Q: 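Here you go, one structure.
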Amino acid sequence: MINFRLSGFLCLLIASSFFQCENQQISGDPDNGGLFLPDDFEAVVVVDSIKGKARHITVDENGAVYVKLKYADEQGAIAVLHDSNNDGKADVIKKFGDTGQVGRWSLATGMRIHNGYLYFSSELVVYRYKLNPNSLLPEGEAEVILTDDHEHGKHEHIAKPVSFDNEGNMYVPFGAPSNACQEPKRTPGAPGLDPCPQLEDHAGVWRFDANKTNQTQKDGYKYASGIRSVVAMDWNPTDENLYVVMHGRDDLLRLFPDIYSPWQSAMLPSEEFIRVTEGSDFGWPYCYYDQMLEKKVLAPEYGGDGQAIGRCDQYDDPIMGFPGHWAPNDLVFYRGDQFPDRYKNGAFIAFHGSTNRGPYPQSGYFIGFVPFKDGKPSGEWEVFADGFAGVDPIVDVNDAVYRPMGIAVGPDGSLYLGETEHGKIWRVMYKGDKNNFGKTQLAEMEKRKLLSHIRTPDKVKDNLFNDQALTGQKTYYVYCSTCHQSDGEGASGRFPPLIGTDWVTGDKERLIKIVLEGMEGSIEVNGESYSGVMPQHSFLSDEEIAEVLTYIRTNFGNEATAVTEQEVTKVRGSL
């Protein structure tokens, strides 16, 4: 067995290999690669961009950084980064992992190293490779560990992060195939199915044998329920519990405008930080957590009014609630020794950032930290790394230059951070006195909470909506902008742009039909694949549909003809 904790002399002898030395002295970039960090922390840009972009990341004990690509190509679905001259920057990038994902957007990109294997996922499959301690590239072909074999195939909230306990078990969530179990889904005023049949095989976490190949969900054990959507998940070895940060439900304003204000819809519901124990149930779809009231309340699909508790007192509460729509996309408990003691066993969370906070500025887009003691939070959440977006306020999601996604801890205790828009990866290091770290070093980061992409928005001053909206524009803001954004540029990988595409400016009958019936599954627009589901909007009147489609076809740089009410009536009558 190779000992990676090498002496300084031996480290110099093998500096040309890919092995990384724990005692090497690496300096951060002068501007920390654009990041704002607590005092005495430094960051170096490991790689400025990766073709294929990036989702989750993990780091092997030899310092090799494995990156699950957002887009796979003929070379593979995974990139491995190598720093051959020990300056902190990757000078070798290799790709591998041909899993049939070429050209596709890989939403479910969980990635972890466990017992010498690299585990990772696509939307429907969890794979693993056997790592080779003497090579950057793994051995042999990928093994299929788990396949999502539901007949419905892909659906919303299908991400499959993976985590492992100390007993040989692997945990995988099966997300809810809807927002709140409505029928038809995402339809204003529609009640939720009661009981919700989706809870039988979805909206929970299942436990599997980590070493058994070719499993399906039926081979697993339903460990916990009532969990809508999970991308951020990690096993905490300190208290030996599974933790997730759940994506809360959407569309409170769009679906129930008589109950919720735009401000409430922007702030609610909470992104729930959950300790998942065997048999726990967190109440989706019947309930959601309100972080401002600090309690679970009844969902409007089940008779809730934003205050009523009803049946929700029977479900488990989160250990902490974050503001709505921050999109928690990775969770890592810090197990290194490089950082000050206050970070030991604490939780780092990557908030990818909101897409649906309009008419208020988008929010999130930072790395948060929650200190832990004895298996529970010992303080409030903090801003650990900020500056990813590069702008403030963030009006539309595409205003953000970078969106944080992946977190991993290196063998020397450095923290690696990755983002999705370009595939940029940073390595964060602590360079100060560990025994003299506290409020003074954190003071500037506390001020970051006052910026519009983090603070609670002012109900009046931060409202970006123009009361003098054009015909069709108000309908667009209420029903369309949460996905396609106020500028019509959509959200990368999820919601397609409305600009310069034949889907919008071409066949009007096809466009009207999509609005009336919705669309399931992926769609390719301008060479990029998008996975966001388009809900049906048949509840809108023919006049409203004509007005909003005319607005879309004649704005955002589009110069197509108007859609008439008569054209909508004709298509509706043919369905």
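What you see is a predicted model, and the numbers here were worked out from it, not measured in a lab.
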Q: Do the side chains of Asp281 and Gln314 get nearer than 4.5 Å, heavy atoms only?
A: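 Of all side-chain heavy-atom pairs linking Asp281 with Gln314, none is under 4.5 Å.
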
Q: Over 60° means perpendicular and under 30° means parallel, so tell me whether Phe495 and His484 are parallel, tilted or perpendicular.
A: perpendicular

Q: Where do Lys160 and Val162 land on the side chain to side chain contact (heavy atoms under 4.5 Å, CB included) test, with the steps shown first?
A: CA-CA 6 Å; Lys160 289 183 172 58; Val162 293; 5.8 Å; no

Q: Just how far is it from atom OG of Ser225 to atom CH2 of Trp284, taken to the nearest 0.5 Å?
A: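 These two atoms lie 9.0 Å from each other.
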
Q: What heavy-atom pair brings Gly76 and Leu69 nearest, and what distance separates the two atoms?
A: O-CD1, 3.8 Å

Q: Are any side-chain N or O atoms of Trp503 and backbone N or O atoms of Arg510, one a donor and one an acceptor, separated by less than 3.5 Å?
A: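 A pair under 3.5 Å: no.
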
Q: Going through the distances and angles, do Ser178 and Gln198 end up as a side-chain hydrogen bond (donor to acceptor under 3.5 Å, both in side chains)?
A: CA-CA 9 Å; Ser178 70; Gln198 297 170 9; 2.8 Å; yes

Q: Do Tyr129 and Tyr66 make the cut of ring centroids closer than 6.0 angstrom?
A: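 Judged by ring-centre distance (under 6.0 Å), Tyr129 and Tyr66 do not meet the cut-off.
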
Q: Any non-hydrogen side-chain atom of His56 less than 4.5 Å from a side-chain atom of Met405?
A: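 Counting from C-beta outward, His56 and Met405 do come under 4.5 Å.
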
Q: Please say whether more than 12 non-hydrogen atoms of neighbouring residues, nucleotides or ligands are located less than 6.0 Å from CD in Glu200.
A: no

Q: Using 0.5 Å steps for rounding, measure from the NZ atom of Lys53 to the OG atom of Ser492.
A: 4.0 Å

Q: Could you tell me whether a side-chain N or O of His247 sits under 3.5 Å from a main-chain N or O of Pro328, the two making a donor and an acceptor?
A: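 Yes: the side chain of His247 pairs with the backbone of Pro328.
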
Q: More than 12 heavy atoms of other residues, nucleotides or ligands under 6.0 Å from NZ of Lys513: is that the case?
A: no

Q: Take Asn166 and Glu240 through the test side-chain hydrogen bond (donor to acceptor under 3.5 Å, both in side chains) and record every step on the way to the result.
A: CA-CA 8 Å; Asn166 302 322; Glu240 297 195 351; 3.2 Å; yes

Q: Less than 6.0 Å separating the ring centroids of Tyr127 and Phe120?
A: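 Ring-ring flag for Tyr127/Phe120: true, centres closer than 6.0 Å.
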
Q: Looking at Thr505, is its backbone amide N or carbonyl O close enough to the side chain of Asp502 to form a donor-acceptor pair, meaning the two atoms are under 3.5 Å apart?
A: no

Q: Taking only Lys NZ, Arg NE, NH1 and NH2, and the carboxylate oxygens of Asp or Glu, determine whether Arg275 and Asp316 approach each other closer than 4.0 Å.
A: no

Q: Keeping Thr187 on the side-chain end and Lys185 on the backbone end, is there a donor-acceptor pair under 3.5 Å?
A: yes

Q: For the backbone of Arg357 and the side chain of Gln362, can you confirm whether one donor and one acceptor N or O come within less than 3.5 Å of each other?
A: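 Yes; at least one donor-acceptor contact below 3.5 Å.
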
Q: Would a line drawn from the ring center of His202 to the ring center of His155 be shorter than 6.0 Å?
A: yes

Q: Taking all atoms of both residues into account, what is the closest heavy-atom pair of Pro496 and Val525, and its distance?
A: CB-CG2, 3.6 Å

Q: Anything under 30° is parallel, anything over 60° is perpendicular, the rest tilted; go ahead and classify Trp326 against Phe366.
A: perpendicular

Q: Quick check on Glu141: does its CD atom have over 12 non-hydrogen neighbours (other residues, nucleotides or ligands) under 6.0 Å away?
A: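 It does not: Glu141 CD has 12 such atoms or fewer within range.
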
Q: Just verifying a value: how many Å separate His150 NE2 and Leu124 CG, rounded to the nearest 0.5 Å?
A: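 Reported to 0.5 Å precision, the distance equals 10.5 Å.
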
Q: Under the side-chain contact (heavy atoms from CB on, under 4.5 Å) test, which residues partner Gln291, sequence neighbours left out?
A: Met267, Leu268, Ser270, Tyr289, Pro323

Q: Please answer whether the main-chain N or O of Gly423 pairs with a side-chain N or O of Glu419 as donor and acceptor at a distance below 3.5 Å.
A: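 Yes, the answer is positive, given that a donor and an acceptor are paired below the 3.5 Å cut-off.
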
Q: Which distance, rounded to the nearest 0.5 Å, do you find between the CG of Asn169 and the CG of Asn211?
A: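 Between atom CG of Asn169 and atom CG of Asn211 there are 9.5 Å.
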
Q: Between Lys296 and Glu272, is there a salt bridge with N-O shorter than 4.0 Å?
A: yes

Q: As a test of understanding, state which of Arg112, His114, Arg128 forms a side-chain hydrogen bond (donor to acceptor under 3.5 Å, both in side chains) with Tyr119.
A: Arg128

Q: Nearest heavy-atom pair of Thr355 and Ala491: which atoms, and what distance?
A: CG2-CB, 4.0 Å

Q: Using atom types as modelled and distance alone, determine if a side-chain donor or acceptor of Glu489 lies under 3.5 Å from a backbone N or O of Ile499.
A: no

Q: Can you list the residues that meet the salt bridge (Lys or Arg N to Asp or Glu O under 4.0 Å) rule with Glu301, with sequence neighbours excluded?
A: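 Checked Glu301 against salt bridge (Lys or Arg N to Asp or Glu O under 4.0 Å); matches are Arg249.
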
Q: Determine, stepwise, if the pair Ser363 / Phe351 fulfils side chain to side chain contact (heavy atoms under 4.5 Å, CB included).
A: CA-CA 9 Å; Ser363 191; Phe351 292 107; over 6 Å; no

Q: Checking Arg403 against Val397 for the side chain to side chain contact (heavy atoms under 4.5 Å, CB included) test, could you report, in this order, the C-alpha distance in whole Å, the side-chain angles of both residues, the deciding distance, and whether it holds?
A: CA-CA 9 Å; Arg403 299 182 69 190; Val397 62; 3.3 Å; yes

Q: Mind checking whether Val172 and Leu146 have side chains closer than 4.5 Å, heavy atoms only?
A: yes

Q: Just do the side chain to side chain contact (heavy atoms under 4.5 Å, CB included) check on Asn463 and Trp263 with the steps written out, would you?
A: CA-CA 8 Å; Asn463 191 323; Trp263 183 85; over 6 Å; no

Q: What are the two closest non-hydrogen atoms of Met170 and Ile145, and how far apart are they?
A: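 Shortest heavy-atom separation between Met170 and Ile145 comes out as CE-CG2, 3.7 Å.
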
Q: Between Asp251 (side chain only) and Leu255 (backbone N and O only), is there a donor and an acceptor less than 3.5 Å apart?
A: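 No; judged by distance alone, with no hydrogens or angles, the pair does not exist.
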
Q: Does Ala190 offer a backbone N or O that forms a donor-acceptor pair with the side chain of Gln182 under 3.5 Å?
A: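 Yes: the side chain of Gln182 pairs with the backbone of Ala190.
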
Q: Would you check if Ile512 and Val515 make a side-chain contact, meaning some heavy-atom pair closer than 4.5 Å?
A: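 Side chain of Ile512 against side chain of Val515, heavy atoms only: no contact under 4.5 Å found.
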
Q: Can you confirm whether Lys376 sits close enough to Ile319 that some side-chain heavy atom of one is under 4.5 Å from a side-chain heavy atom of the other?
A: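 No, every pair of side-chain atoms sits at 4.5 Å or beyond.
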
Q: Between Pro191 and Tyr302, is any pair of side-chain heavy atoms under 4.5 Å apart?
A: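 No, side chains not in contact.
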
Q: Output all residues satisfying side chain to side chain donor-acceptor pair (under 3.5 Å) with Ser229, sequence neighbours left out; order by chain, then residue number.
A: none

Q: Below 4.5 Å, heavy atoms only, C-beta onward: do Pro262 and Tyr360 meet side chain to side chain?
A: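 Contact flag for Pro262/Tyr360 side chains = yes.
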
Q: Short question: side chain of Asp330, backbone of Ala350 - any donor-acceptor pair under 3.5 Å?
A: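 The answer is no, because no donor-acceptor pair under 3.5 Å joins these two groups.
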
Q: If you compare all heavy atoms of Tyr476 against all heavy atoms of Gly488, which two are closest, and at what distance to 0.1 Å?
A: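 Heavy atoms only, the tightest pair is OH-CA, 3.7 Å.
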
Q: Does a side-chain heavy-atom distance below 4.5 Å link Phe556 with Val504?
A: no

Q: Which heavy atom in Val548 sits nearest to a heavy atom in Cys480, and how many Å separate them?
A: CG2-SG, 4.1 Å

Q: What distance separates Glu517 CD from Leu575 CG, expressed to the nearest 0.5 Å?
A: 4.5 Å

Q: Among Tyr171, Phe208, Phe174, which one satisfies ring pair (Phe, Tyr, Trp, His ring centres under 6.0 Å) with Tyr223?
A: Tyr171

Q: Just checking Phe333 against Tyr243, ring centres under 6.0 Å apart?
A: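 When the ring centroids of Phe333 and Tyr243 are compared, they turn out to be within the sub-6.0 Å range.
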
Q: With rounding to the nearest 0.5 angstrom, report the OG to CG distance, Ser538 to Leu540.
A: 8.0 Å

